[in-house]
There are 2 protein chains.
Amino acid sequence: MASKWRVRAPVFAALGDETRLSLVAKLCGGRPHSISQLAEGSKLTRQAITKHLRVLESVGIVHSVRAGRESRFEFDPEPMEGIKEYLDFVSEKWDQALSRLVSFVEI
Amino acid sequence: MASKWRVRAPVFAALGDETRLSLVAKLCGGRPHSISQLAEGSKLTRQAITKHLRVLESVGIVHSVRAGRESRFEFDPEPMEGIKEYLDFVSEKWDQALSRLVSFVEI
DNA sequence: CTAATTTGCAACCTGGAGGTTGCTTAAGAT
DNA sequence: ATCTTAAGCAACCTCCAGGTTGCAAATTAG
C-alpha cells in the first residue's frame, strides 16, 4: 500500500513548477497547441517551454502529435486522476483521526 | 485567476518526492511523531529526514512542536486542500471540453 | 554528576533542473 | 527555388535539491 502511491511522486514533481502548471491549465481546455503557441506569451525561450512539455510528457500528463512541421500537444487526464487517489487517501485518514479525537473528547 | 494557483506550485513540488509522500502518509494519521521516530524505518539519515520535514513545513503541510528534547511533527491539511482546487479546476475544464466535443459530434 | 538520547548546525559533495545560445533539419508559403 | 516558420539537437552554465559526515548543545535517565 505504501508502494502504491510511491509511484505518484514524479507526477507531483511534474506539477511542482509554475510554468508547467500554467501549461496544463492551457492544455486542459481540450484544444491542442503547438510549441510556438504555448511559448507565445511566456518570458521563457521556446526551448525552455519544450523542456517543460517533455517533463509533462514523461509522466503522461500530456502527449504530442506531429502535424506537418509543428507538433501539437494535448492533455491527458489519467495521471492527475491518479494523484487524487493519494490526496483522498490522506484526507480520509486525517478525517478518521479527527473523528477519533472528537469521540475521545466527548466521552 | 492564472496567478491564483501559481502559488500552489511549491506545494506540488513538496509532494514530488517519495520520501516526503510517505512522511505525509504517516503523519496524516493524527499522531505526532518525533524526527527519530520518522527516521526509524528509513534507509536515509536522520538529517536527510529532517531536511524533508523542513521542506514540508515550508509549505505548511506540517508543523513542529518542541517537546522537551524532541520536536514532534504534526500534519496540517490546508495546503493539500488547496491543490485540490487546482486539480478540480483542471478536471472541470477538461470535462467541459469533452462535452463540447460530444455535442459537436452528435450534431 | 555522568551517560545516553534527540536535535541542531555547518560544511561538503554530486547530480540534475531549469535556462540560454547557436546551428541544423523539415515543411509550408510565395 | 527560395524564404520563412516550427521544431529538434547539443553544448553549456548556474544553482539548488538531496544526501552525507562530524561535531556541539540541550534534555532526560541512572
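In what follows, chains are A, B, ... by sequence order, proteins preceding strands, each numbered from 1. Remember, it's a predicted structure, so these values are computed and weren't measured experimentally.
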Hey, does A:R72 reach any base, or is it just sugar-phosphate, or nothing, if we go heavy atoms under 4.0 Å?
nothing
Enter the distance from B:E92:CD to B:L87:CG here, rounded to the nearest 0.5 Å.
12.5 Å
Is there, by distance only and without an angle test, a donor paired with an acceptor across the side chain of A:Q47 and the base of C:dG22 below 3.5 Å?
yes
Could you tell me which residues satisfy salt bridge (Lys or Arg N to Asp or Glu O under 4.0 Å) with B:R20, sequence neighbours excluded, listed by chain and number?
none
Chain B vs DNA chain D, heavy-atom contacts under 4.0 Å, first-to-last nucleotide span, 5' to 3', is D:dG18 to D:dT28
In whole Å, I'd like the distance from the CD1 atom of B:I49 to the C1' atom of C:dT6.
15 Å
What integer distance in Å separates A:F12:CZ from C:dA17:P?
19 Å
A:I61 versus A:D76: any side-chain heavy-atom pair under 4.5 Å?
no
Hits for side-chain hydrogen bond (donor to acceptor under 3.5 Å, both in side chains) against B:E74, two or more places apart or cross-chain, chain-then-number order -> B:H63
For A:T45, which contact category applies under a 4.0 Å heavy-atom criterion: base, sugar-phosphate, or nothing?
base
Looking just at side-chain N and O atoms, do A:S36 and A:E70 make a donor-acceptor pair shorter than 3.5 Å?
no
Below 4.0 angstrom, N of the basic side chain to O of the carboxylate: do A:K84 and B:D88 qualify?
yes
With a 4.0 Å cut-off, would you call B:R8 and A:E18 a salt bridge?
no
What's the CZ-C1' distance between A:R46 and C:dC23, to the nearest Å?
11 Å
With clusters defined by side-chain heavy atoms of hydrophobic residues (ILVMFWY) lying less than 4.5 Å apart, directly or transitively, does B:W5 cluster with A:M80?
yes
Do B:R6 and A:L21 have side-chain heavy atoms sitting under 4.5 Å apart?
no
Please tell me if A:H52 has a side-chain N or O lying less than 4.0 Å from either OP1 or OP2 of C:dA17.
no
Those residues of residues 28-43 of chain B lying under 4.0 Å from DNA chain D by at least one heavy atom:
none
Quick one: is A:R66 getting a side-chain N or O under 4.0 Å of the C:dA26 phosphate, OP1 or OP2?
no
Mind calculating the distance between CG (A:L15) and P (C:dA17) to the nearest angstrom?
15 Å
Can you pull out how bent the helix from C:dC1-D:dG30 to C:dT30-D:dA1 is, comparing the axes over its first five and last five pairs, to 10°?
30°
Under the ring pair (Phe, Tyr, Trp, His ring centres under 6.0 Å) test, which residues partner B:F73, sequence neighbours left out?
none
Would you mind reading off the distance between B:K51 atom NZ and C:dC12 atom P, rounded to a whole angstrom?
13 Å
Identify whether A:V55 and A:I83 are in the same connected component of the hydrophobic contact network (ILVMFWY, side-chain heavy atoms under 4.5 Å).
no
